[in-house]
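Note that ligands are numbered from 1 as they come in the structure, with each ligand's atoms numbered from 1 the same way. Computed from a predicted model, the values in this text were never measured in an experiment.
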Amino acid sequence: MYCRYCSIVPNEVLRRLEGDDSYTAKIDAEVRKVRNQAMQLTRVSQEMAPQGLLANAIATAPKILVYDCKHTNSLPGTPVTNPGGSADGSIKRCFDETSAVAEFYKKIFGRNSVDNAGMALLSSVHFGVNYNNANWNGSQMLYGDGDNQIFVDFTKSSDVIGHELTHGVTQHTLQLVYANQSGGLNESMSDVFGAMFRQWRKNQTVTQADWLIGHEIMGPKPKAQGITCLRDMADPGANHCLAPQPFHFSNYTPGMDPHYSSGIPNYAFYKAAMAIGGKSWEKAGQIWYRAMTAGKSPNMKMSTFAKRTRDASKSLYPGDTKVINAIDAAWKQVGL
Ligand SMILES: [Zn+2]
């Protein structure tokens, strides 16, 4: 199984808040089946393509397509003409933010779309009725409107859009299996690049950033209880998170939901970026991206990824002891 829930909200949270009969959890199970097929297709096509062919594809900006499910579960839904000019806030936000994610990957990392070959980016909005999640289903993004109790419209947090698209990038780079340590790394790649994207959109330094994941999608129920986000990269175990996470490797257990174990590499990234200072995407992000694109590693251990970032810090910034020590110290603080 390559990917169980490449969604933003963990299954446990949905069952806790929506009950055992969770509508969203049931739909997610269906989405998962499609995603596993798409993951396998990606692996087969990459194995068949001669090396370098994908990278040499013509570097045009990817097409950004938005579809409207109109509250049904059938994908992709109805194509929207001119989504950037739509009066529908979800459609317009989805188009604007997805376009910006593509620009972010191109400008900051030199990557042309999720597959680095200009793949069109397809999103469906208004998926289902009161659907409390956003997903990468292996070939496209889909966004629910939320039930307006627990969550509101999932297009409202730009980091959620960056998170979902990064699942696509991971599928085409590390190809991480969505379970155990590689699953935690998979979720963490999405949070790290999603958070970085949100900071880049706001042109924030690491100290100006709030490091919250899903701040703008919180509904009135969690807000009334003082909950401000799904996750907090700066304080993963905090009470103000809907899904608090462990953030030291000694608290990792095999089989843990990737949305929880991701707290460990998330916190390492936060610590590294803070110690380096400036803007997260300038150095820490470059190191993470180098480690992410240094070859597939489906069953990667967290310590292996940590080693890749330590190596990348030395090859990208030789002699820069501030950066090299920051990366090393960040992983040591999470026990790796
Ligand atoms: Zn995810």
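- Among the atoms of His167, an N, O or S atom falls under 2.8 Å of the Zn ion (ligand 1).
- Here Ser190 does not reach the Zn ion (ligand 1): none of its N/O/S atoms is less than 2.8 Å from the metal.
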Quick one, Phe109 with Phe193, criterion ring pair (Phe, Tyr, Trp, His ring centres under 6.0 Å). Give me CA distance, side-chain angles, the key distance, then yes/no. CA-CA 11 Å; Phe109 303 108; Phe193 285 84; 5.5 Å; yes

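- If you look at Tyr267 and Phe247, their ring centroids are closer than 6.0 Å.
- Among the atoms of Glu164, no N, O or S atom is found under 2.8 Å from the Zn ion (ligand 1).
- For Ser261 and Gln181, the side-chain atoms include no donor-acceptor pair closer than 3.5 Å.
- The aromatic rings of Trp331 and Phe305 lie perpendicular to each other, with more than 60° between the two planes, well past the 30° mark.
- The atom of Glu187 nearest to the Zn ion (ligand 1) is OE2, with the search restricted to N, O or S atoms.
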